[in-house]
Protein chains: 2
Amino acid sequence: MNSRPSASPATLQDVAREAGVSLATASRSLNGSVRKVHDDYRQRVLEAAARLNYSPNLSAQAVAKGASSTVALLVSDIADPYFSSIAAGVIRAAEAKGLIVTMAATARSSVRELELVRALRGQRPQVIILTGSRLEGPPAHDALVAELQAFINTGGRVVLISQRELPFSTVVVDNYLGARALANSLVEQGYRRFAAIGGARALMTSTDRLSGFADGLAEHGIAIHPNHVARAEFTRDGGYTAGQHLLATGITGVQLVFAVNDVMAIGAMSAFRDGGLAVPESIAVAGFDDISTARDVTPALTTVRVPLEELGSRAVELAFSESDSPANDVVTVGTTVVLRESSPAI
Amino acid sequence: MNSRPSASPATLQDVAREAGVSLATASRSLNGSVRKVHDDYRQRVLEAAARLNYSPNLSAQAVAKGASSTVALLVSDIADPYFSSIAAGVIRAAEAKGLIVTMAATARSSVRELELVRALRGQRPQVIILTGSRLEGPPAHDALVAELQAFINTGGRVVLISQRELPFSTVVVDNYLGARALANSLVEQGYRRFAAIGGARALMTSTDRLSGFADGLAEHGIAIHPNHVARAEFTRDGGYTAGQHLLATGITGVQLVFAVNDVMAIGAMSAFRDGGLAVPESIAVAGFDDISTARDVTPALTTVRVPLEELGSRAVELAFSESDSPANDVVTVGTTVVLRESSPAI
DNA sequence: CTGTTAGCGCATTCAA
DNA sequence: TTGAATGCGCTAACAG
């Protein structure tokens with residue numbers, strides 16, 4: 001075992017020499033199309049490669065063939081269950097295609113996002129997938145679009161998840177319909193008086209869910225009083241704050257609070273409890289997304305299931321389904337209402 | 001705007017030509033050490049690059065300098081909050097060093113893990129970080145060690161998170177001490193009779209936590225009856241099953257059940273409730289990890305906080321702190337007992 | 001300080 | 001089928 005501590009990795013050249021064949025033959029045996037090299041040679045090459053513990057240099061392959069085999073994924077925050085589930089889907093679908101996933105987190109900053117897209121572009125990935133809403137002003141927005149467009153113009157693919165505001169292929173969740181269905185289900189459960197917790201007005205996801213919910217209620221002649229709509233950050237703590245706010249401004253008579261996503265709903269539940277309101281006895285709660293935690297909180301959270309992993313895998317598939325059509329396809333994935341203990345029939 | 005749909009990306013050569021300078025000057029202006037090229041030239045190059053929307057080809061850079069700028073991260077399942085938090089830490093620390101993170105999921109299969117390490121090695125990453133316990137038999141184990149060793153021998157770095165069984169640098173959680181501290185705190189709360197839920201015997205994480213807890217109790221002359229220790233899978237459903245098992249075999253008199261991780265504790269809580277035992281009135285529960293859900297369940301879960309993100313960032317730092325010392329350093333991160341409503345003072 | 005040139009590891013064309 | 005030679009985009013000596 002003569003293993004020098006810090007030698008350099010075996011190269012194709014080394015393998016070829018070890019096997020007593022040419023570089024080209026070694027290359028063909030290890031990667032090129034199958035039916036090209038004599039079995040004897042192929043065997044010798046394979047053995048030599050194993051002996052040398054050869055691992056093809058992906059970067060070199062990428063330069064040589066002018067195309068890498070990676071998928072770049074940009075999320076707001078990988079620790080957020082919403083994004084980590086999507087990431088799981090992306091990874092699964094990418095692996096199935098032999099692609100490696102590189103990930104970066106924008107921390108919800110559009111400036112950072114732009115930097116990252118720029119950096120990721122250097123990888124020459126097959127696809128860049130963007131997910132996580134931004135609240136950017138027009139300048140950052142335009143720069144991002146320009147950057148992505150440049151990527152596309154040079155042969156790249158771009159897919160967005162859940163943000164149809166940008167002119168690229170997108171996988172969207174049917175937020176409007178899901179929220180409307182939820183509203184209907186809740187009315188069916190006997191609820192009549194509602195409050196709501198939303199995110200920033202600029203967030204399409206939030207506004208779609210809010211308007212879907214409102215429209216669903218409207219079908220039954222129910223409306224939400226403007227004072228009963230709180231807005232806060234799209235996070236657990238935002239939900240907590242909004243819950244406190246509702247408590248402070250008064251939601252007497254309100255039977256159920258709908259939060260536009262689960263993490264906010266869970267934050268609100270905590271706020272209500274901390275404020276002395278029992279859930280669901282004194283106030284029922286419903287969310288949106290069906291993150292895994294929704295099952296585990298007590299009471300289990302009524303919500304609208306979004307097939308998160310599927311969102312990720314669909315994004316990858318969408319990227320490769322585009323037969324050079326610059327058409328910005330849109331794939332819509334449906335949702336399912338999931339009634340749980342946080343909104344018992346009354 | 002003459003943007004041909006599918007041209008190829010601008011190259012350094014293009015930039016140099018556009019700026020009217022040599023390839024080398026362009027390279028130096030864009031990347032090389034700062035104080036080397038005249039400001040006039042530098043400006044022209046920068047402008048040309050912007051005009052052409054140039055993005056350096058990272059793969060080419062990697063081959064040219066013989067070193068890529070990526071960190072490879074292997075997790076069991078990115079959708080699991082435990083791993084996604086670690087991943088967040090890795091990403092943060094890597095970005096701080098200008099490194100891009102590539103991720104892959106092993107789905108807890110040691111075979112898959114080996115394949116992935118092999119594939120990832122092709123990226124010539126600066127570091128390969130492994131996290132997520134395996135239960136593999138010796139063959140897979142040896143193959144993995146060999147593969148990682150080969151990577152190290154050719155200049156790579158390997159860091160493991162929370163699995164000191166392997167001969168590489170590792171970031172470990174002080175499971176033993178954390179569990180011992182928890183035991184002490186619970187005794188202080190007035191608890192005297194305990195049961196426990198662990199994972200498979202081969203899982204160091206589980207056995208360390210169990211023995212730490214037992215030793216902590218022993219300091220007060222308390223022991224857990226062997227019949228009051230259940231074992232199951234390291235998942236929520238495993239915890240549920242173990243909870244049912246304890247219920248079935250009888251845990252009369254037991255005041256608190258300690259589960260070696262939060263997800264199992266949460267599963268057990270459900271099992272107890274479904275079995276008619278109120279938590280914490282009839283039976284108290286404690287877990288380990290302090291995943292974010294722990295705060296949100298009702299009653300909120302007493303647990304031992306593990307700084308998950310820190311685990312990830314430490315791993316990256318550990319990789320680069322090794323000054324070529326083949327020493328397999330071990331960094332231990334401490335934990336904190338977090339008492340919540342699932343174990344009120346009695 | 002700038003430009004020329006030679007590789008980096010690999011795929012692939014072209015002859016043989 | 002195989003091997004020799006060229007080039008991918010870039011960095012790093014090397015001269016000027």
Side-chain angles (χ1 to χ4, degrees), chain A residues 7-46 48-49 52-70 119 121-125 154-156, chain B residues 7-46 48-49 52-70 119 121-125 154-156:
Chain A
S8 44
T11 151
L12 227 207
Q13 197 69 257
D14 298 336
V15 175
R17 192 179 313 123
E18 172 87 8
V21 300
S22 76
L23 222 197
T25 303
S27 173
R28 290 191 270 251
S29 308
L30 260 16
N31 317 295
S33 45
V34 196
R35 293 283 177 209
K36 274 277 205 174
V37 40
H38 205 67
D39 252 12
D40 295 358
Y41 279 28
R42 163 181 238 78
Q43 271 309 321
R44 284 169 52 189
V45 172
L46 260 34
L52 265 39
N53 221 315
Y54 171 74
S55 161
N57 184 322
L58 263 31
S59 293
Q61 288 189 163
V63 251
K65 35 172 120 165
S68 83
S69 55
T70 71
R121 200 148 78 80
Q123 293 239 42
R124 301 284 184 274
T154 56
Chain B
S8 44
T11 152
L12 227 208
Q13 197 70 256
D14 299 336
V15 175
R17 192 179 312 123
E18 173 87 6
V21 301
S22 76
L23 223 196
T25 301
S27 173
R28 289 191 271 252
S29 310
L30 260 16
N31 316 296
S33 45
V34 196
R35 294 283 176 209
K36 275 278 209 174
V37 41
H38 204 68
D39 252 13
D40 295 358
Y41 279 27
R42 164 181 236 79
Q43 271 310 319
R44 283 170 51 190
V45 173
L46 259 35
L52 266 39
N53 221 315
Y54 171 74
S55 163
N57 185 322
L58 263 32
S59 291
Q61 286 190 164
V63 267
K65 31 172 125 164
S68 83
S69 55
T70 70
R121 201 146 77 79
Q123 293 239 43
R124 301 285 183 275
T154 55

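We name chains A, B, ... by the order of the sequence lines, and we start the count at 1 in each one. Being a predicted model, the structure only gives us computed values, none of them experimental.
A close approach under 4.0 Å does not occur between any side-chain nitrogen or oxygen of B:N57 and OP1 or OP2 of D:dC8. Contact check, A:Q61 against C:dA11: a side-chain N or O comes under 4.0 Å of OP1 or OP2. Within the 4.0 Å cut-off from OP1 or OP2 of C:dC8, not a single side-chain nitrogen or oxygen of A:S59 is found. Contact annotation: A:Q13 side-chain N/O to C:dG9 OP1/OP2 distance is not under 4.0 Å. Under 4.0 angstrom from either OP1 or OP2 of D:dT2 there lies no side-chain N or O belonging to A:S22. OP1 or OP2 of C:dG9 has not a single side-chain nitrogen or oxygen of A:T11 nearer than 4.0 Å.
In this entry the distance linking CG of B:L23 with P of C:dA6 reads 14 Å, nearest Å. We find that CG of B:D14 is positioned 11 Å from P of D:dC8, with the value rounded to whole Å. Atom CZ of A:R42 is separated from atom C1' of D:dT2 by 14 Å (rounded to the nearest Å). In this structure, A:K65 places its NZ atom 18 Å from P of C:dG9, rounding to the nearest Å. Between the CG atom of A:L12 and the P atom of D:dG7 there is a distance of 20 Å, given to the nearest Å. Remark: C1' of D:dG9 and OH of B:Y54 are 7 Å apart, rounded to the nearest angstrom.
Annotation: side chain of A:S8 is not in contact with side chain of B:T154 (no heavy-atom distance under 4.5 Å). Side-chain contact between A:V37 and A:V45 is absent, with no heavy atoms from C-beta onward closer than 4.5 Å.
With D:dA12, C:dT2, D:dC10 as the candidates, the nucleotide lying closest to the side chain of B:A60 is D:dC10. Picking from D:dA12, D:dT2, C:dC1 the nucleotide with the shortest atom distance to the side chain of B:H38 gives C:dC1. Candidate nucleotides D:dG3, D:dC8, C:dA11 were compared by shortest atom distance to the side chain of A:A24, and D:dG3 ranks first. Of the candidate nucleotides D:dG3, C:dC8, C:dG9, C:dC8 has the atom lying nearest to any side-chain atom of B:A64. Distances from the side chain of B:V21 to the nucleotides C:dT2, C:dG3, D:dT11 place C:dG3 closest.
Checked by atom type and distance alone, the side chain of B:S27 never pairs as donor or acceptor with a backbone atom of B:L23 at under 3.5 Å. When atom types are taken as modelled, the side chain of A:R124 and the backbone of A:A67 share no donor-acceptor pair closer than 3.5 angstrom. A donor-acceptor contact shorter than 3.5 Å is absent between the side chain of A:N31 and the backbone of A:R28.
Direction change of the helix axis from one end of the helix from C:dC1-D:dG16 to C:dA16-D:dT1 to the other is 40°, with five pairs defining each end axis (rounded to 10°).
For the pair B:Y41 and B:R124, nearest-nucleotide mapping onto DNA chain C gives the more 5' position to B:Y41.
Interatomic distance, CD of A:Q61 versus OG of A:S69, reported as 7.5 Å (0.5 Å rounding). Here B:S22 contributes atom OG and B:R17 contributes atom CZ; the two are 13.0 Å apart, rounded to the nearest 0.5 Å.
Residue A:S27 is in base contact, counting any heavy-atom pair closer than 4.0 Å across all strands shown.
Between the side chain of A:R28 and the base of D:dG3 there is at least one donor-acceptor pair of N/O atoms closer than 3.5 Å.
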